[in-house]
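Because the structure is predicted, anything quoted here is derived from the model rather than measured. Because only heavy atoms are used, hydrogens play no part in the values below, and waters and symmetry mates are left out as well, while side chains stay in. A, B, ... follow the sequence lines: proteins, then strands. Residue 1 opens every chain.
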Amino acid sequence: MKKIFALIDCNNFYVSCERVFNPKLENKPVVVLSNNDGCCVARSNEVKKLGVKMGEPLFKIKDLVTKHKIEVFSSNYELYADISNRVMQTLFTFSPDVEVYSIDEAFVNLGSLSVDSYQKTGLEIRKRILDWVGVPVSVGIAPTKTLCKIANEIVKKNPEYKGVLSLTDMPEKEIDVILKKIEVSDIWGVGRQYTKKLNSYGIYTSYDFKHSNPEFIKKIMTIQGLKTQTELKGISCIPLEYEIPDKKGICSSRSFGRPLTTFTELREAVSNFVSIASEKLRSQNSKCLRITVFIQTNRFKSNEKQYSNSYTYEFQSPTSYTPDLIKAGSFALSKIFRTGYIYKKAGVFISEIQNENQVQEVLFNMDIFQYTGPKKDFLIREIDFLNGKFGNNTVTFGSNGFKKSWKPKSEKRSDRYTTCFAEILKIT
DNA sequence: TCTGGGGTCCTAGGACCC
DNA sequence: TCTGGGGTCCTAGGACCC
C-alpha cells in the first residue's frame, strides 16, 4: 500500500483558541504568554508581522504592545487542551489512523483511504475543523512525515495555497524546486546546532541536504539525521505512532510569581509539584522508584547570588502514593535548601517508572517515607476519582497550602469557557 | 518590576564482569 | 619490559521537538 500522510497543524493555536470565544480578536494583533506571563509563546499573524519572535519576553515588547494595541493573554491550558481534543476528535471522523503529535498537530494516515484527490481531502479536513471547532488549520500531504512538515511550512507562508498542499504525485524535479527554497533550519529535526554545522560544510538549503553524502550526514548527525535525509527523498522511515507510550519521566516545575526565600514557602510549592506529578504518574497506571527535587535562583539577575541544586531520593519499593512522595520530596528539599538565596524556580522529576502491575515488592520495606498500610492504593484512587469528577483540588493535601502566594502570575487569563461552569460563555 | 514547561532519542565513555 | 578481548550496563551530555 502506498504511504500517504497528512499533517494537520493548527494555525497560531493558542491565539486561535482565544478567538473562538472572542471573535472581536479576529484580524487584531494577539499574543498568548507562557506560564508566569513571561514569554510570547503564540502570536497572531499581525504580531508576527511586527517582528515579535517566538519566546520573546513580554517586557521587551512593551512599547509595541502599547503602540499597536496588542491584545495580551495569559495561557489558559484548560481551554486549549479542550479545544485540542475537539480538533483531534474531528480528525478521527476521517480515519482511525491518527497520531496526536502535540497539542496542536496530528498526522493522519491517508494511505488506507480511497480518495481521488488528496488536495480535495485536505480541503475537506480543513473545512470540517473550521466549521465544527472554529480553528483554522494548515494541511500538508506527502509520502513521508518530514515532507509533510515541509508542505505545511509552504502552506503557512503562501496564502495562495488556501491552507492545503499535497506533494503526492508531484514529480521529483518539482519537489526539488521547492526544497531549494527551504533552509536547512526549517527541516524537522534540524535545530540550531545542526544548522550551524551543516552551514559550515556549505549545506544551506533542504535541496543541498537531500543531495549530500548519506554517510557524511550520518556521521555528523547520527542515525536520526540519516532518517531525516531519507525521508526528504520520499522514502518513509518514521512511522505513525498511534499509541501514546507511557512516560519514562514526569516533570512538574514552575517559576514563582514572586521570589521565595524561606524553606516553608518552597516546601509548599514542592508539595504542589509532587501532587501534580504523582497524579500524572497514576493516570498512566505507573509507580516510580525515584524522585528528584531541584531549586534555582533567578539566572537572569547577574547582581544576585546564584545557586541551583538537586537531590534524588530512591524508594525501597515503587510507589505512586502522593503522601510518600511528598515526604520524600520535602526531605530532598531539606538536603539542598540554603538560606540567604532568592529562589525563582523549583521542580520535581519522577523517574524509574514502571507499570503498577509489574512492580517488584520488597519483603521488609524499611523506607522511612513509605506508608505500608493496606488501603493506600484504594484511598488515592478515591481521591483521583473525586478530583476527576468535581474538579482539580477538590481533595488535596494539607502540605499544599491554601494561599499559594508563590503561584505563577496569570493576570490576563480568559475564561475556561468549556471546562468550568462558573466561567461559561455569557451572552449579554 | 518583567525572561516557560515538559518531553524524547542517541552517543561516548567509564565501571565492571569473565 | 611486557599489559587481551568481548560484552553489558549506567550515566552524563548534547541534540532535537512542541
Side-chain angles (χ1 to χ4, degrees), chain A residues 7-14 31-43 52-63 65 72-77 80-81 84 99-107 145-146 149 152 184-198 217-228 238 241 244-259 273 276-277 280-281 284 289-290 292 294 296-304 310 312 314 342 344-353 407-412:
Chain A
L7 169 63
I8 291 85
D9 191 321
C10 301
N11 300 348
N12 316 329
F13 183 56
Y14 296 172
V31 293
V32 177
L33 304 175
S34 61
N35 263 343
N36 214 21
D37 292 348
C39 303
C40 304
V41 288
R43 305 150 294 154
V52 176
K53 295 273 179 295
M54 174 69 177
E56 188 109 320
L58 175 63
F59 75 91
K60 285 192 180 171
I61 60 157
K62 260 179 71 182
D63 292 347
V65 170
V72 179
F73 290 90
S74 305
S75 44
N76 185 347
Y77 289 113
Y80 310 151
S84 170
E99 173 186 343
V100 178
Y101 180 69
S102 75
I103 193 163
D104 70 334
E105 274 176 70
F107 290 98
K145 286 172 144 186
T146 306
K149 283 271 188 184
N152 221 295
V184 278
S185 60
D186 287 334
I187 301 172
W188 191 39
V190 180
R192 280 225 303 278
Q193 303 306 316
Y194 284 148
T195 298
K196 256 194 246 167
K197 210 174 209 173
L198 289 167
I217 294 298
K218 187 181 173 189
K219 198 179 140 208
I220 64 169
M221 290 177 68
T222 80
I223 187 78
Q224 297 294 0
L226 183 59
K227 280 188 186 173
T228 298
I238 305 174
E241 294 189 32
I244 302 164
D246 283 347
K247 304 253 178 294
K248 295 168 185 168
I250 295 170
C251 183
S252 173
S253 76
R254 297 283 183 279
S255 296
F256 306 128
R258 64 176 178 84
F273 303 151
I276 293 167
K280 285 187 194 167
L281 183 66
Q284 64 169 43
L289 266 178
R290 273 189 187 175
T292 302
F294 61 89
Q296 52 192 247
T297 50
N298 190 340
R299 65 197 166 94
F300 294 105
K301 299 218 164 171
S302 48
N303 55 340
E304 282 176 13
S310 70
T312 300
E314 186 151 342
I342 302 168
K344 181 62 181 171
K345 183 176 176 178
V348 163
F349 185 68
I350 281 172
S351 55
E352 297 284 284
I353 290 174
K407 255 194 157 173
K409 270 187 260 176
S410 183
E411 289 169 351
K412 293 151 194 152

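Ring to ring, Trp188(A) and Tyr194(A) are not that close: their centroids are 6.0 angstrom or more apart.
No side-chain donor-acceptor contact under 3.5 Å links Asp9(A) to the backbone of Ala106(A).
In this entry the distance linking CD of Glu56(A) with P of dG4(B) reads 12 Å, nearest Å. Rounded to whole Å, the distance from NZ on Lys62(A) to C1' on dC2(B) is 8 Å. As rounded to whole Å, 11 Å separates atom C1' of dG5(B) from atom CZ of Phe273(A). dT3(B) atom P lies 10 Å from atom CZ of Arg299(A), rounded to whole Å. Between the CG atom of Asn298(A) and the P atom of dT1(B) there is a distance of 12 Å, given to the nearest Å. Distance CZ (Phe300(A)) to P (dT3(B)): 8 Å, rounded to an integer number of Å. Between the CE atom of Met54(A) and the P atom of dG4(B) there is a distance of 12 Å, rounded to whole Å. In this structure, Gln296(A) places its CD atom 12 Å from C1' of dG4(B), rounding to the nearest Å.
Heavy atoms of Ser75(A) sit nowhere under 4.0 angstrom from any nucleic acid atom. If you check every strand for non-hydrogen atoms under 4.0 Å, Leu33(A) touches nothing. In this structure, Gly249(A) reaches the sugar-phosphate backbone alone: every heavy-atom distance under 4.0 Å involves primed, P, OP1 or OP2 atoms, never a base. Residue Lys196(A) is out of contact with every strand shown, counting any heavy-atom pair closer than 4.0 Å.
Under the 4.0 Å criterion applied to side-chain N and carboxylate O atoms, Lys248(A) and Glu352(A) are not assigned as salt-bridge partners.
With Met221(A) as reference, Val190(A) is the one residue of Val190(A), Leu226(A), Thr228(A) to meet the side-chain contact (heavy atoms from CB on, under 4.5 Å) rule.
Both Ile223(A) and Ser255(A) sit near DNA chain B, but only Ser255(A) has its closest nucleotide nearer the 5' end. Residues Lys345(A) and Lys409(A) each lie close to DNA chain B; by heavy-atom proximity, the contact nearer the 5' end of the strand is made by Lys409(A).
Set against dG4(B), dT3(B), dT1(B), the side chain of Lys344(A) has dT3(B) as its closest nucleotide. For Asn35(A), counting side-chain heavy atoms from C-beta on, the closest listed nucleotide (dG4(B), dG6(B), dT1(B)) is dG4(B).
Between Arg254(A) and dG6(B) there is a side-chain polar atom (N or O) within less than 4.0 angstrom of OP1 or OP2. Proximity of Ser34(A) to the phosphate of dT3(B): no side-chain N or O atom is located under 4.0 Å from OP1 or OP2.
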Strand DNA chain C as a dot-bracket string - pairs counted if Watson-Crick or G-U with both distances under 3.5 Å, | where the partner lies in another strand:
....||||||||||||||

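Side-chain contact check for Ser74(A) and Asp37(A): at least one donor-acceptor pair (N or O, by modelled atom type) lies under 3.5 Å. Under the 3.5 Å distance criterion, with hydrogens and angles disregarded, no donor-acceptor pair is assigned to the side chains of Thr195(A) and Ser185(A).
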Return a single string for nucleotides 8-18 of chain C, one symbol per nucleotide in 5' to 3' order, where B is base contact, S is sugar-phosphate-only contact and - is none, cutoff 4.0 angstrom on heavy atoms.
---S---SSSS

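Ring orientation note: the planes of Tyr14(A) and Tyr80(A) are close to parallel, at an angle under 30° on the 30°/60° scale.
For the C1' atoms, the distance linking dC18(C) with dC2(B) amounts to 24 Å, nearest Å.
A cation-pi contact, defined as under 6.0 Å to the ring centre and within 45° of the axis, is absent between Lys345(A) and Phe256(A).
Applying the 6.0 Å contact sphere to CZ of Arg299(A) captures no more than 12 heavy atoms from other residues, nucleotides or ligands.
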Would Lys344(A) and Glu304(A) count as a salt bridge (Lys or Arg N to Asp or Glu O under 4.0 Å) here? Give the steps.
CA-CA 11 Å; Lys344(A) 181 62 181 171; Glu304(A) 282 176 13; over 6 Å; no

